[in-house]
J.: 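This is the structure, below, for whatever I ask next.
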Amino acid sequence: MSLMTVSQVAEFLGVQEVRVERLERESLLIAQEKDAEGKPLFDSGDVEKYKVLAERLGGL
């Protein structure tokens, strides 16, 4: 399991960081843990699965 920061997820998905934080708040992307600053860290596999699902549903 490789963890991704909010900024890495935002870059991978092609969205703004605030959108990633909202996805986490709404439990659409589940954070695996928090960093030293309390920011969420995401499993790269989960992020990839979310991207595939979002594209199937019509885009991000």
Side-chain angles (χ1 to χ4, degrees):
M1 171 175 79
S2 144
L3 296 177
M4 299 174 74
T5 64
V6 170
S7 60
Q8 291 171 326
V9 173
E11 184 178 331
F12 180 74
L13 296 177
V15 299
Q16 295 180 349
E17 290 182 23
V18 71
R19 175 103 183 256
V20 175
E21 292 170 352
R22 184 176 57 103
L23 291 171
E24 195 268 335
R25 264 193 324 272
E26 295 175 352
S27 299
L28 296 171
L29 271 177
I30 307 299
Q32 296 301 311
E33 54 187 82
K34 303 276 184 178
D35 67 8
E37 297 175 0
K39 300 267 187 180
L41 296 171
F42 303 93
D43 179 357
S44 59
D46 291 345
V47 174
E48 291 171 11
K49 289 177 188 175
Y50 175 78
K51 184 174 182 176
V52 169
L53 176 65
E55 288 172 346
R56 286 183 183 169
L57 294 174
L60 295 166

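Since the model is a prediction, treat every value here as computed from it, not as a measurement.
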J.: Indicate the atoms forming the closest heavy-atom contact of Tyr50 with Leu28, along with that distance.
T.: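 Scanning both residues, the minimum pair turns out to be CD1-O, 3.8 Å.
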J.: Restricting to salt bridge (Lys or Arg N to Asp or Glu O under 4.0 Å), what partner residues turn up for Lys39, sequence neighbours left out?
T.: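 Expected list: Glu21.
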J.: If you take all heavy atoms of Phe12 and Met4, which pair is closest and at what distance?
T.: CB-CE, 4.0 Å
J.: Shortest non-hydrogen contact from Phe42 to Val6?
T.: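 It is CE1-CG2, 4.1 Å.
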J.: Who pairs with Glu26 by salt bridge (Lys or Arg N to Asp or Glu O under 4.0 Å), at least two apart in sequence or on another chain?
T.: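 Scan of Glu26 (salt bridge (Lys or Arg N to Asp or Glu O under 4.0 Å), adjacent residues dropped) gives Arg22.
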J.: Pair Asp46, Gln32 - check side-chain contact (heavy atoms from CB on, under 4.5 Å), show working.
T.: CA-CA 10 Å; Asp46 291 345; Gln32 296 301 311; 3.1 Å; yes
J.: Considering non-hydrogen atoms only, spot the tightest contact between Val47 and Leu29 and give its length.
T.: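 So the two residues come closest at CA-CD2, 4.2 Å.
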J.: Of all heavy-atom pairs between Ala10 and Gln16, which one has the smallest distance, and what is that distance?
T.: CB-C, 3.9 Å
J.: With rounding to the nearest 0.5 Å, note down the distance linking CD in Glu37 to OG1 in Thr5.
T.: 10.5 Å
J.: Nearest 0.5 angstrom please: Glu24 CD to Arg19 CZ, how far?
T.: 14.5 Å
J.: Please report the closest heavy-atom contact between Lys34 and Leu41, naming both atoms and the distance.
T.: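 Taking Lys34 first and Leu41 second, the nearest heavy atoms are C-CD1, 4.2 Å.
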